[in-house]
K.L.:
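The structure follows.
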Amino acid sequence: MANQNREIPYKIYLEEQEMPRQWYNVRADMKNKPAPLLNPGTHQPMTAQELSAVFCDELVAQELDNEHRYIDIPQEIQDFYKMYRPSPLVRAYCLEKKLGTPAKIYYKFEGNNTSGSHKLNSAIAQAYYAKKQGLKGVTTETGAGQWGTALSMACAYMGLDCKVYMVKCSYEQKPFRREVMRTYGADVTPSPSETTQVGRKILAEHPGTTGSLGCAISEAVEVAVGTEGYRYVLGSVLNQVLLHQSIIGLETKAALDKYGVKPDIIIGCAGGGSNLGGLVAPFMGEKLRGEKDYRIIAVEPASCPSLTRGKFVYDFCDTGMVTPLAKMYTLGSNFIPSPNHAGGLRYHGMSAILSQLYHDGLMEATSVEQTSVFEAAEMFARVEGILPAPESSHAIRVAIDEAMKCKETGEEKTIVFGLTGTGYFDLVAYEKYNNGEMDDYIPTDEDLAVGFAGIPKFEGNEI
Ligand SMILES: *Cc1c(COP(=O)(O)O)cnc(C)c1O
């Protein structure tokens, strides 16, 4: 029951019986639906049959479902969620005090599981449907390693084989991530590799490349399509992933509703858009239905600014140009961002759902530089105790900035942000920051033009 007068605890939990039993599909409430995936050869919308060569059947159905507002979470997934969910919604009293702000700050902490991020929420769903279809295994890519770790855990639980293509620079920088994945039984290959046609081609064209998410996706798709009983799974960007991640927003909303709290501003970091899309989903639903209004802010790195500087066009989801085309804000599939330290945010595109919502003026986007991100991360770690992932710290940066604006104006706004994960595997980045060796590379317009030049050109897809 809403009770305005009750003191808000540091952590708001939900009882088991209060946990969501259905995911929320924001597409059902969107007037302008996200554009469909296109076949890159014919430029016609991908059919379920075409998609089922790559993805498992139930996930294809979810990918194409723009109609059903709620989709049941299978009992087995609900049971798995209970092992690490609900994730805490924390009132950042200590941060508020440190900042001296009248703003009320909350964060939803998704780092309380071994994978260290929200990615497990979708990994378990995707592994469940693959198993239910009788598949033998799945392939995927991983950048910073959180998705690969989450998928390895989910596959171990479901009894599925798991082949992970890990972006080479992360594979080398984060050997312990790789070891966690292997502990859960995954087979991990640095990408680009000699094990695929597309990997050999990329290596021939860019000798010595340290890889990118886009390259790793191409390799993982090639192996899935060419191996009997395998399908490909993806940890972000897709509609199905945002659907699964709606658990974050549904729990957040249920917890806030218990205390009658309505956020003014909701903030999340955006790589492919899955945590932000999930966090804001039920709030965006209210906004779309005209019931309530919220400011929703996507935060991206200045070094990989797909929403703030990208083009809203059809583009490939991968560097090797083997995937379907998605209409999204993109920097071009051959854009390789400077090696900044938020690996999970180094993707050239953005979820079609968030791209459409942003295009329609329903959310804002901003970009931040990495030294200011680490400054915020350090302040947060020192007062709130949690060592945040660099990705998550993008949201912390903007939450602090908004709270400081409230200090100037005296407004008591309620700010909610997504704290997507922990930074234990990012200590090389923290070391750089602590040594004063971190730089802020921002691509020039000329740099971006190179990526834009690679966007496929066809009628109706002018940039
Ligand atoms: C992957 C990741 C992100 C970014 O991915 P989205 O799909 O945009 O949510 C953010 N934070 C962490 C900790 C991640 O692992």
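Note: hydrogens, waters and symmetry copies are ignored here, and every other heavy atom, side chains too, is used. Indexing begins at 1, ligand by ligand and atom by atom, following the structure's order. All of these numbers come straight from a predicted model, not from anything done at the bench.
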K.L.:
Suppose we screen for ring pair (Phe, Tyr, Trp, His ring centres under 6.0 Å). Which residues come up paired with F283, at least two apart in sequence or across chains?
P.N.:
Y294
K.L.:
Please round to the nearest 0.5 Å and tell me the distance separating atom SG of C56 and atom CD of Q126.
P.N.:
7.5 Å
K.L.:
Whether R91 engages the ring of Y10 as a cation-pi pair (distance to the six-membered ring centre under 6.0 angstrom, angle to the ring normal within 45°) should be assessed.
P.N.:
no
K.L.:
For ligand 1, list every N/O pair with the protein closer than 3.5 Å, one pair per line with the distance.
P.N.:
residue: ligand 1; atom: 7 (O); partner: S236; partner atom: OG; Å: 2.5
residue: ligand 1; atom: 7 (O); partner: S274; partner atom: N; Å: 2.9
residue: ligand 1; atom: 7 (O); partner: S274; partner atom: OG; Å: 2.7
residue: ligand 1; atom: 8 (O); partner: G271; partner atom: N; Å: 2.7
residue: ligand 1; atom: 8 (O); partner: G272; partner atom: N; Å: 3.0
residue: ligand 1; atom: 8 (O); partner: G273; partner atom: N; Å: 2.8
residue: ligand 1; atom: 9 (O); partner: H118; partner atom: NE2; Å: 3.1
residue: ligand 1; atom: 9 (O); partner: S274; partner atom: OG; Å: 3.3
residue: ligand 1; atom: 9 (O); partner: N275; partner atom: N; Å: 2.8
residue: ligand 1; atom: 9 (O); partner: N275; partner atom: ND2; Å: 2.7
residue: ligand 1; atom: 11 (N); partner: T420; partner atom: OG1; Å: 2.7
residue: ligand 1; atom: 15 (O); partner: K119; partner atom: NZ; Å: 2.5
residue: ligand 1; atom: 15 (O); partner: Q146; partner atom: NE2; Å: 3.3

K.L.:
Check salt bridge (Lys or Arg N to Asp or Glu O under 4.0 Å) between K163 and all other residues, then give those that pass, not counting sequence neighbours.
P.N.:
D187
K.L.:
Which residue pairs pass the salt bridge (charged side-chain N to carboxylate O under 4.0 Å, His left out) test with at least one member in residues 350-374, sequence neighbours excluded?
P.N.:
R295-E364
K.L.:
Do D57 and Y129 get their side chains close enough for a donor-acceptor pair, meaning under 3.5 Å?
P.N.:
no
